[in-house]
Amino acid sequence: MSTGRLENIPEQCEYYIGNVYDEEILTQLEKYHFEAIIHIAGQSSGEVSFEDPVYDFNTNAMSTLLLLQFAKRKGIQKFIYASSMSVYGDHEEELVDELSLTVPKSFYAVGKLASENYMRIFSSYGIQTTALRFFNVYGIGQNMDNLKQGMFSIYLAQGIDNHHILVKGSKDRFRDFVYIDDVVDGVLFAMNRTDGAPFEVFNISTGKKKTVEELVTTIQEQLPWDVTVEYVEGTPGDQHGIYGDNQKAKELLQWEPEVDFEEGSAKMIRWALERRRK
Ligand SMILES: NC(=O)c1ccc[n+]([C@@H]2O[C@H](COP(=O)([O-])OP(=O)(O)OC[C@H]3O[C@@H](n4cnc5c(N)ncnc54)[C@H](O)[C@@H]3O)[C@@H](O)[C@H]2O)c1
(Lines give C-alpha, C1' and ligand atoms only; values in the text may rest on other atoms or scores of the structure.)
Protein backbone atom coordinates (compact mmCIF):
# COMPACT_ATOMS: atom_id res chain seq x y z
CA MET A 1 0.00 0.00 0.00
CA SER A 2 3.03 2.32 -0.31
CA THR A 3 1.54 3.83 -3.47
CA GLY A 4 -1.47 1.53 -3.94
CA ARG A 5 -5.03 1.93 -2.69
CA LEU A 6 -7.39 -0.60 -1.18
CA GLU A 7 -10.28 0.62 -3.34
CA ASN A 8 -8.37 -0.45 -6.47
CA ILE A 9 -8.56 -4.12 -5.48
CA PRO A 10 -11.53 -5.74 -7.25
CA GLU A 11 -14.17 -7.11 -4.90
CA GLN A 12 -13.81 -10.69 -6.10
CA CYS A 13 -10.10 -10.78 -5.18
CA GLU A 14 -8.79 -12.29 -2.02
CA TYR A 15 -5.86 -10.22 -0.83
CA TYR A 16 -3.05 -10.13 1.70
CA ILE A 17 -1.34 -6.86 2.51
CA GLY A 18 2.38 -7.21 3.01
CA ASN A 19 5.81 -6.40 1.81
CA VAL A 20 6.68 -8.24 -1.39
CA TYR A 21 10.25 -8.91 -0.28
CA ASP A 22 9.21 -10.24 3.13
CA GLU A 23 9.42 -14.05 3.01
CA GLU A 24 6.85 -14.24 5.80
CA ILE A 25 4.06 -13.04 3.51
CA LEU A 26 4.79 -15.88 1.10
CA THR A 27 4.34 -18.49 3.81
CA GLN A 28 0.73 -17.27 4.15
CA LEU A 29 0.20 -18.13 0.48
CA GLU A 30 1.58 -21.67 0.71
CA LYS A 31 -1.89 -23.17 1.12
CA TYR A 32 -3.07 -22.03 -2.33
CA HIS A 33 -2.61 -23.48 -5.78
CA PHE A 34 -1.73 -20.82 -8.36
CA GLU A 35 -1.79 -21.14 -12.13
CA ALA A 36 0.45 -18.11 -12.57
CA ILE A 37 2.18 -15.26 -10.80
CA ILE A 38 1.87 -11.77 -12.27
CA HIS A 39 4.49 -9.72 -10.45
CA ILE A 40 3.69 -6.00 -10.73
CA ALA A 41 4.42 -4.79 -7.20
CA GLY A 42 7.38 -2.50 -6.79
CA GLN A 43 8.55 1.03 -6.43
CA SER A 44 8.56 2.47 -9.92
CA SER A 45 10.52 5.70 -9.77
CA GLY A 46 14.04 6.06 -11.16
CA GLU A 47 14.44 9.12 -8.95
CA VAL A 48 13.59 7.18 -5.75
CA SER A 49 16.06 4.47 -6.77
CA PHE A 50 18.86 7.04 -6.44
CA GLU A 51 17.56 8.22 -3.06
CA ASP A 52 17.55 4.66 -1.70
CA PRO A 53 19.18 2.06 -3.99
CA VAL A 54 18.95 -0.72 -1.37
CA TYR A 55 15.20 -0.27 -0.97
CA ASP A 56 14.86 -0.22 -4.72
CA PHE A 57 16.88 -3.43 -5.04
CA ASN A 58 14.69 -5.14 -2.46
CA THR A 59 11.35 -4.19 -3.98
CA ASN A 60 12.33 -4.64 -7.63
CA ALA A 61 14.90 -7.47 -7.69
CA MET A 62 14.86 -9.36 -4.39
CA SER A 63 11.08 -9.63 -4.65
CA THR A 64 11.38 -11.33 -8.05
CA LEU A 65 13.94 -13.81 -6.78
CA LEU A 66 11.76 -14.73 -3.78
CA LEU A 67 8.65 -15.11 -5.93
CA LEU A 68 10.52 -17.27 -8.44
CA GLN A 69 11.73 -19.52 -5.63
CA PHE A 70 8.13 -19.70 -4.43
CA ALA A 71 6.98 -20.57 -7.97
CA LYS A 72 9.59 -23.33 -8.23
CA ARG A 73 8.70 -24.78 -4.83
CA LYS A 74 4.98 -24.72 -5.61
CA GLY A 75 5.22 -25.97 -9.21
CA ILE A 76 3.64 -22.78 -10.60
CA GLN A 77 3.73 -22.90 -14.40
CA LYS A 78 3.77 -19.25 -15.45
CA PHE A 79 5.50 -16.10 -14.26
CA ILE A 80 4.83 -12.69 -15.81
CA TYR A 81 6.77 -9.64 -14.80
CA ALA A 82 6.38 -5.86 -15.16
CA SER A 83 9.79 -5.01 -16.52
CA SER A 84 10.58 -1.65 -18.02
CA MET A 85 11.87 0.17 -21.08
CA SER A 86 14.44 1.69 -18.72
CA VAL A 87 16.57 -1.48 -19.06
CA TYR A 88 17.67 -0.18 -22.50
CA GLY A 89 19.08 3.16 -21.33
CA ASP A 90 19.68 5.65 -24.14
CA HIS A 91 20.62 4.67 -27.68
CA GLU A 92 21.72 6.51 -30.77
CA GLU A 93 19.25 4.35 -32.70
CA GLU A 94 16.17 5.55 -30.78
CA LEU A 95 13.80 2.79 -31.90
CA VAL A 96 14.74 -0.22 -29.78
CA ASP A 97 13.70 -3.84 -30.10
CA GLU A 98 14.22 -6.75 -27.72
CA LEU A 99 17.67 -7.45 -29.20
CA SER A 100 18.93 -3.91 -28.55
CA LEU A 101 21.68 -3.58 -25.99
CA THR A 102 20.59 -3.12 -22.36
CA VAL A 103 22.54 -0.33 -20.64
CA PRO A 104 20.53 0.66 -17.54
CA LYS A 105 21.06 4.25 -16.37
CA SER A 106 19.31 4.02 -12.98
CA PHE A 107 19.36 1.60 -10.04
CA TYR A 108 15.69 1.02 -10.81
CA ALA A 109 16.58 -0.23 -14.29
CA VAL A 110 19.38 -2.43 -12.90
CA GLY A 111 16.81 -4.11 -10.63
CA LYS A 112 14.42 -4.68 -13.54
CA LEU A 113 17.17 -6.21 -15.67
CA ALA A 114 18.34 -8.40 -12.77
CA SER A 115 14.75 -9.63 -12.41
CA GLU A 116 14.66 -10.57 -16.09
CA ASN A 117 17.86 -12.55 -15.68
CA TYR A 118 16.58 -14.38 -12.61
CA MET A 119 13.54 -15.28 -14.71
CA ARG A 120 15.67 -16.54 -17.58
CA ILE A 121 17.52 -18.88 -15.24
CA PHE A 122 14.40 -20.03 -13.38
CA SER A 123 12.72 -20.87 -16.69
CA SER A 124 15.04 -23.89 -16.82
CA TYR A 125 13.03 -25.31 -13.87
CA GLY A 126 9.93 -25.56 -16.06
CA ILE A 127 8.37 -22.18 -15.26
CA GLN A 128 7.32 -20.27 -18.39
CA THR A 129 8.61 -16.77 -17.64
CA THR A 130 7.68 -13.61 -19.57
CA ALA A 131 9.17 -10.17 -19.03
CA LEU A 132 7.06 -7.33 -20.41
CA ARG A 133 9.06 -4.17 -20.94
CA PHE A 134 6.39 -1.54 -20.36
CA PHE A 135 7.13 1.80 -21.96
CA ASN A 136 5.50 4.91 -20.47
CA VAL A 137 2.17 3.71 -19.09
CA TYR A 138 -0.61 6.26 -18.56
CA GLY A 139 -4.37 6.31 -18.21
CA ILE A 140 -7.46 6.31 -16.06
CA GLY A 141 -6.78 5.17 -12.50
CA GLN A 142 -3.17 6.34 -12.45
CA ASN A 143 -1.87 7.58 -9.11
CA MET A 144 -2.15 11.39 -9.33
CA ASP A 145 -0.58 11.99 -5.91
CA ASN A 146 2.81 10.40 -6.58
CA LEU A 147 4.83 13.23 -8.06
CA LYS A 148 7.92 11.07 -8.56
CA GLN A 149 6.55 8.56 -11.03
CA GLY A 150 4.57 8.79 -14.26
CA MET A 151 5.39 11.65 -16.58
CA PHE A 152 1.80 12.19 -17.78
CA SER A 153 0.22 11.97 -14.32
CA ILE A 154 2.83 14.27 -12.73
CA TYR A 155 2.37 17.05 -15.29
CA LEU A 156 -1.39 16.65 -15.35
CA ALA A 157 -1.68 16.74 -11.53
CA GLN A 158 0.43 19.91 -11.48
CA GLY A 159 -1.61 21.47 -14.29
CA ILE A 160 -4.83 20.79 -12.37
CA ASP A 161 -3.67 21.59 -8.82
CA ASN A 162 -1.19 24.45 -9.42
CA HIS A 163 -2.02 25.67 -12.94
CA HIS A 164 1.75 25.44 -13.34
CA ILE A 165 3.87 22.56 -14.64
CA LEU A 166 7.42 22.13 -13.37
CA VAL A 167 9.38 19.99 -15.81
CA LYS A 168 12.56 18.38 -14.51
CA GLY A 169 14.70 18.06 -17.64
CA SER A 170 14.64 19.05 -21.29
CA LYS A 171 11.50 19.65 -23.34
CA ASP A 172 13.11 17.68 -26.18
CA ARG A 173 13.14 14.42 -24.23
CA PHE A 174 10.55 11.99 -25.52
CA ARG A 175 8.61 8.92 -24.48
CA ASP A 176 6.55 6.11 -26.01
CA PHE A 177 3.21 6.46 -24.19
CA VAL A 178 1.15 3.29 -23.97
CA TYR A 179 -2.40 3.31 -22.63
CA ILE A 180 -3.19 1.27 -19.50
CA ASP A 181 -5.94 -0.86 -21.13
CA ASP A 182 -3.46 -1.96 -23.80
CA VAL A 183 -0.90 -2.81 -21.11
CA VAL A 184 -3.45 -4.93 -19.23
CA ASP A 185 -4.19 -6.74 -22.50
CA GLY A 186 -0.46 -7.30 -22.94
CA VAL A 187 -0.33 -9.05 -19.56
CA LEU A 188 -3.35 -11.23 -20.39
CA PHE A 189 -1.97 -12.14 -23.81
CA ALA A 190 1.35 -13.05 -22.18
CA MET A 191 -0.53 -15.40 -19.81
CA ASN A 192 -1.80 -17.26 -22.85
CA ARG A 193 1.28 -17.26 -25.02
CA THR A 194 1.70 -20.46 -26.96
CA ASP A 195 5.12 -20.11 -28.61
CA GLY A 196 6.55 -22.63 -26.15
CA ALA A 197 9.71 -20.68 -25.34
CA PRO A 198 10.70 -21.05 -21.68
CA PHE A 199 11.65 -17.36 -21.35
CA GLU A 200 10.65 -14.39 -23.50
CA VAL A 201 10.95 -10.61 -23.37
CA PHE A 202 8.50 -8.27 -25.11
CA ASN A 203 8.28 -4.54 -25.63
CA ILE A 204 4.86 -3.27 -24.62
CA SER A 205 5.00 -0.08 -26.62
CA THR A 206 3.30 1.81 -29.42
CA GLY A 207 6.34 2.42 -31.64
CA LYS A 208 5.53 6.16 -31.62
CA LYS A 209 7.26 8.96 -29.80
CA LYS A 210 5.93 12.09 -28.12
CA THR A 211 8.21 14.80 -26.82
CA VAL A 212 7.85 16.31 -23.36
CA GLU A 213 6.90 19.57 -25.08
CA GLU A 214 4.11 17.85 -27.04
CA LEU A 215 2.77 16.26 -23.86
CA VAL A 216 2.81 19.56 -21.98
CA THR A 217 1.07 21.33 -24.88
CA THR A 218 -1.63 18.62 -24.98
CA ILE A 219 -2.30 19.18 -21.27
CA GLN A 220 -2.28 22.97 -21.65
CA GLU A 221 -4.71 22.83 -24.56
CA GLN A 222 -7.17 20.52 -22.83
CA LEU A 223 -7.32 22.06 -19.36
CA PRO A 224 -9.99 24.74 -19.06
CA TRP A 225 -7.60 27.36 -17.60
CA ASP A 226 -4.19 28.81 -18.40
CA VAL A 227 -1.25 26.63 -17.38
CA THR A 228 2.30 28.00 -17.19
CA VAL A 229 5.39 25.82 -17.69
CA GLU A 230 8.84 26.00 -16.16
CA TYR A 231 11.83 23.84 -17.15
CA VAL A 232 14.50 23.05 -14.52
CA GLU A 233 17.45 20.65 -14.26
CA GLY A 234 16.72 16.94 -14.80
CA THR A 235 16.80 14.07 -12.30
CA PRO A 236 19.67 11.53 -12.10
CA GLY A 237 19.48 8.56 -14.44
CA ASP A 238 16.65 10.04 -16.53
CA GLN A 239 16.60 8.81 -20.12
CA HIS A 240 16.60 11.27 -22.98
CA GLY A 241 14.34 9.08 -25.03
CA ILE A 242 13.81 5.79 -26.79
CA TYR A 243 10.70 4.27 -28.32
CA GLY A 244 9.81 0.65 -28.69
CA ASP A 245 9.47 -1.59 -31.72
CA ASN A 246 6.47 -3.83 -30.91
CA GLN A 247 6.73 -6.25 -33.83
CA LYS A 248 7.66 -9.20 -31.61
CA ALA A 249 4.59 -8.76 -29.38
CA LYS A 250 2.44 -8.45 -32.49
CA GLU A 251 3.80 -11.67 -33.95
CA LEU A 252 4.13 -13.90 -30.90
CA LEU A 253 1.42 -12.56 -28.57
CA GLN A 254 -0.98 -11.29 -31.26
CA TRP A 255 -1.01 -8.12 -29.14
CA GLU A 256 -1.14 -4.64 -30.48
CA PRO A 257 -2.04 -1.31 -28.92
CA GLU A 258 -5.53 -0.07 -29.75
CA VAL A 259 -5.69 3.31 -28.01
CA ASP A 260 -3.69 6.09 -29.67
CA PHE A 261 -2.26 9.06 -27.82
CA GLU A 262 -5.02 11.46 -28.89
CA GLU A 263 -7.77 9.21 -27.58
CA GLY A 264 -5.86 8.09 -24.47
CA SER A 265 -4.78 11.57 -23.42
CA ALA A 266 -8.30 12.97 -23.86
CA LYS A 267 -9.72 10.14 -21.69
CA MET A 268 -7.06 10.62 -19.05
CA ILE A 269 -7.52 14.40 -18.81
CA ARG A 270 -11.34 14.13 -18.69
CA TRP A 271 -11.07 11.54 -15.91
CA ALA A 272 -8.58 13.61 -13.88
CA LEU A 273 -10.77 16.73 -14.12
CA GLU A 274 -13.87 14.78 -13.14
CA ARG A 275 -12.05 13.25 -10.19
CA ARG A 276 -10.88 16.67 -8.98
CA ARG A 277 -14.45 18.03 -9.07
CA LYS A 278 -15.66 15.27 -6.71
N1 LIG B 1 3.88 3.04 -14.96
C2 LIG B 1 4.83 2.84 -15.87
O3 LIG B 1 5.01 3.63 -16.81
C4 LIG B 1 5.71 1.63 -15.76
C5 LIG B 1 6.66 1.42 -16.76
C6 LIG B 1 7.49 0.31 -16.68
C7 LIG B 1 7.33 -0.59 -15.65
N8 LIG B 1 6.41 -0.36 -14.68
C9 LIG B 1 6.29 -1.33 -13.60
O10 LIG B 1 4.94 -1.72 -13.46
C11 LIG B 1 4.66 -2.05 -12.09
C12 LIG B 1 3.46 -1.28 -11.63
O13 LIG B 1 3.79 0.12 -11.70
P14 LIG B 1 2.71 1.26 -11.50
O15 LIG B 1 3.04 2.34 -12.45
O16 LIG B 1 1.34 0.66 -11.47
O17 LIG B 1 3.14 1.79 -10.08
P18 LIG B 1 2.27 2.06 -8.79
O19 LIG B 1 3.19 2.73 -7.83
O20 LIG B 1 0.99 2.74 -9.16
O21 LIG B 1 1.93 0.59 -8.31
C22 LIG B 1 2.85 -0.22 -7.67
C23 LIG B 1 2.15 -1.07 -6.63
O24 LIG B 1 3.13 -1.86 -5.95
C25 LIG B 1 2.96 -1.69 -4.55
N26 LIG B 1 4.26 -1.86 -3.88
C27 LIG B 1 5.35 -1.06 -3.96
N28 LIG B 1 6.36 -1.54 -3.20
C29 LIG B 1 5.88 -2.69 -2.62
C30 LIG B 1 6.42 -3.65 -1.73
N31 LIG B 1 7.67 -3.55 -1.27
N32 LIG B 1 5.63 -4.69 -1.35
C33 LIG B 1 4.36 -4.81 -1.83
N34 LIG B 1 3.80 -3.94 -2.67
C35 LIG B 1 4.55 -2.89 -3.07
C36 LIG B 1 2.39 -0.30 -4.39
O37 LIG B 1 1.74 -0.10 -3.14
C38 LIG B 1 1.43 -0.24 -5.57
O39 LIG B 1 0.21 -0.89 -5.26
C40 LIG B 1 5.95 -1.71 -11.31
O41 LIG B 1 6.69 -2.89 -11.14
C42 LIG B 1 6.68 -0.76 -12.26
O43 LIG B 1 8.07 -0.79 -12.04
C44 LIG B 1 5.58 0.72 -14.72
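Both ligands and their constituent atoms are indexed starting at 1 by order of listing.
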Exercise. For Q43, which of N58, T59, D56 qualifies under side chain to side chain donor-acceptor pair (under 3.5 Å)?
Worked result: D56
Exercise. Within less than 4.0 angstrom of ligand 1, does K112 place any heavy atom?
Worked result: yes
Exercise. Given the protein's heavy atoms, is any one of them under 4.0 Å from atom 19 (O) of ligand 1?
Worked result: yes
What residue and heavy atom of the protein are closest to [atom], and at what distance?
{"atom": "atom 9 (C) of ligand 1", "result": "A82 CB, 3.8 Å"}
{"atom": "atom 17 (O) of ligand 1", "result": "S44 OG, 3.4 Å"}
{"atom": "atom 5 (C) of ligand 1", "result": "F135 O, 3.3 Å"}
{"atom": "atom 21 (O) of ligand 1", "result": "T3 OG1, 3.8 Å"}
{"atom": "atom 32 (N) of ligand 1", "result": "V20 N, 2.8 Å"}
{"atom": "atom 15 (O) of ligand 1", "result": "Q149 OE1, 3.7 Å"}

Look only at interatomic distance and state if [X] has a nitrogen or oxygen under 3.5 Å from any nitrogen or oxygen of ligand 1.
{"X": "S2", "value": "yes"}
{"X": "G4", "value": "yes"}
{"X": "V137", "value": "yes"}

Atom indices of ligand 1 within 4.0 angstrom of [X] heavy atoms, with elements:
{"X": "A41", "value": "24 (O), 34 (N), 35 (C), 41 (O)"}
{"X": "N19", "value": "30 (C), 31 (N), 32 (N)"}
{"X": "S84", "value": "6 (C), 7 (C)"}
{"X": "G18", "value": "32 (N), 33 (C)"}
{"X": "S83", "value": "6 (C), 7 (C)"}
{"X": "M1", "value": "37 (O)"}

Tell me the nearest of [options] to [atom], using heavy-atom distances.
{"atom": "atom 44 (C) of ligand 1", "options": "F134, Y21, Y81", "value": "F134"}
{"atom": "atom 22 (C) of ligand 1", "options": "G42, S45, G150, G46", "value": "G42"}
{"atom": "atom 12 (C) of ligand 1", "options": "T64, I25, D22, I40", "value": "I40"}

Problem set entry | Pair K209 + E214: basic N to acidic O under 4.0 Å | no
Problem set entry | Basic-acidic side-chain contact under 4.0 Å: K248, D97 | no
Exercise. Do K210's NZ or CZ and the ring of F177 fall within the cation-pi criteria of under 6.0 Å and 45°?
Worked result: no
Problem set entry | Worked verdict on K267 versus E263 for salt bridge (Lys or Arg N to Asp or Glu O under 4.0 Å) | CA-CA 6 Å; K267 274 188 182 177; E263 183 188 346; 3.7 Å; yes
Problem set entry | Test item: N60 side-chain N/O and Y108 main-chain N/O as donor-acceptor pair under 3.5 Å | no
Exercise. Does N146 reach the main-chain N or O of T3 with its side chain, forming a donor-acceptor pair under 3.5 Å?
Worked result: no
Exercise. Is it the side chain (CB and beyond), the backbone, both or neither of S86 that lies under 4.0 Å from ligand 1, heavy atoms counted?
Worked result: neither
Exercise. Considering only heavy atoms, does Y108 approach ligand 1 within less than 4.0 Å through its side chain, its backbone, both, or neither?
Worked result: side chain
Exercise. Does M151 CE have over 12 foreign heavy atoms under 6.0 Å away?
Worked result: yes
Problem set entry | Over 12 non-hydrogen atoms of neighbours within 6.0 angstrom of CD in E30 | yes
For this session: Please list, chain by chain and in numerical order, all residues satisfying side chain to side chain contact (heavy atoms under 4.5 Å, CB included) with L166, sequence neighbours excluded.
Result: Q158, E230, V232
For this session: Classify the angle between the aromatic ring planes of Y179 and Y138 as parallel (below 30°), tilted (30 to 60°) or perpendicular (above 60°).
Result: perpendicular
For this session: If the plane angle is over 60° it's perpendicular, under 30° parallel, otherwise tilted; pick one for H91 and Y88.
Result: perpendicular
Seminar exercise, completed: For Y231 and E213, the nearest pair of non-hydrogen atoms, with its separation, is OH-CA, 4.1 Å
